[in-house]
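What you are looking at is a predicted structure, and each value in this text was computed from that prediction instead of being measured. Naming convention: chains lettered A, B, ... in sequence-line order (proteins, then strands); numbering from 1 in each chain.
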2 protein chains.
Amino acid sequence: MRPLVHPAIEDVRPEAILHALSDPSRAAIFARISGAGSVQACASLSALGDRVIPKSSLSSHFKVLREAGLIRSERQGVEMRNHSRCAEVEARFPGLLGAIMSAYASQGCGTAGKTEGA
Amino acid sequence: MRPLVHPAIEDVRPEAILHALSDPSRAAIFARISGAGSVQACASLSALGDRVIPKSSLSSHFKVLREAGLIRSERQGVEMRNHSRCAEVEARFPGLLGAIMSAYASQGCGTAGKTEGA
DNA sequence: TCTACTAGTTCCGAAATTCCGAACTATGGG
DNA sequence: CCCATAGTTCGGAATTTCGGAACTAGTAGA
């Protein structure tokens, strides 16, 4: 297993963030991580709304979020702890995450809309 | 030539907007349309920054922006007039476009960052 | 009207992405 | 050591994107 890649905040690109969050499943995952006291294991997210996401897809969603600079993941025992990098991203691109998450929330998309808590 | 499709503002979905703007070329095109008094022909956008975009790609970029609800296009004589739908989108998803365009602008991406003028 | 030119669209094959099941790796317990 | 759990990687099918060539529409000139 190759080591996890986390871009430095100054290497984070807006297009990567938009691409990562342009998938409603990933946006919902990110909303959950941001909302849940900044920590969440992968397995707890396999069912979002009405859709069951297979493990391999889930794993690549996490990879996309991680490499976009939106979350930080670290192995802790058997599971993976995922923290949102909201605060860093907010400092670099003010208002971006808040606007995106509330856009999703405002049209009633599953579990979105709690970004401010970081 | 099939007629142009423009979603009603209430049918516009956040994932479509994020997807449309997650491509830097499209974001630059949208920034130009939003900045240039809300009207711009397609041909004037074939060279953005350092990259020459072929006509067929340009045409599909416009289609994506249009169907995401970001622009409105109408044929006027030989050419196409493109207006940004900023104001409508702003009313539906407050702050979204501003945050996205200034994220792009803040990392020096060609012609981005003048969204407020609509 | 016929021709030529300009602006943009459509078609379609190649290249790149995404999706997801199966096999695998890593950690912890008994 | 053997097994269970949590997640990753592989690889092929399905989908999406890119871009050249051919096409359509409007306009001007002879």
Quiz item: Do NZ/NE/NH1/NH2 and the carboxylate oxygens of A:E79 and A:R81 come within less than 4.0 Å?
Solution: yes
Quiz item: Tell me: CE of A:M1 to P of D:dC10, nearest whole Å?
Solution: 10 Å
Self-check item: Atom-pair distance (CZ on A:R66; C1' on D:dT9), nearest Å
Solution: 13 Å
Please enumerate all protein N or O atoms sitting under 3.5 Å from an N or O of nucleotides 12-20 of chain D, with distances to 0.1 Å.
{"residue": "D:dT17", "atom": "OP1", "partner": "B:H19", "partner atom": "NE2", "Å": "2.9"}
{"residue": "D:dG19", "atom": "OP1", "partner": "B:R51", "partner atom": "NH2", "Å": "3.4"}
{"residue": "D:dG19", "atom": "OP2", "partner": "B:S57", "partner atom": "OG", "Å": "3.2"}
{"residue": "D:dG19", "atom": "N7", "partner": "B:S56", "partner atom": "OG", "Å": "3.3"}
{"residue": "D:dG20", "atom": "N7", "partner": "B:S56", "partner atom": "OG", "Å": "3.0"}
{"residue": "D:dG20", "atom": "O6", "partner": "B:S56", "partner atom": "OG", "Å": "3.2"}

Quiz item: A:F30 and side-chain contact (heavy atoms from CB on, under 4.5 Å): which partner among A:I71, A:N82, A:I17?
Solution: A:I71
Practice problem: For B:R92, look at atom CZ and say whether over 12 heavy atoms of other residues, nucleotides or ligands are found less than 6.0 Å away. | Solution: yes
Between [Y] and [X], is there a side-chain heavy-atom distance shorter than 4.5 Å?
{"X": "B:M80", "Y": "B:E74", "answer": "no"}
{"X": "A:R75", "Y": "A:M1", "answer": "yes"}
{"X": "B:L70", "Y": "B:V12", "answer": "no"}
{"X": "B:R26", "Y": "B:H19", "answer": "yes"}
{"X": "B:R85", "Y": "B:P7", "answer": "yes"}

Practice problem: State yes or no: do B:I9 and B:L18 share one hydrophobic cluster built from I, L, V, M, F, W and Y residues joined by side-chain heavy-atom distances below 4.5 Å, directly or via other members? | Solution: yes
Quiz item: Among residues 72-80 of chain A, which contact DNA chain D at a heavy-atom distance under 4.0 Å?
Solution: A:V78, A:E79, A:M80
Practice problem: Check for a donor-acceptor pair, side chain of A:E90 on one end and backbone N or O of A:G95 on the other, with a separation under 3.5 Å. | Solution: yes
Self-check item: Boundaries of the DNA chain C segment in contact with chain A, non-hydrogen, under 4.0 Å
Solution: C:dT18 to C:dG28
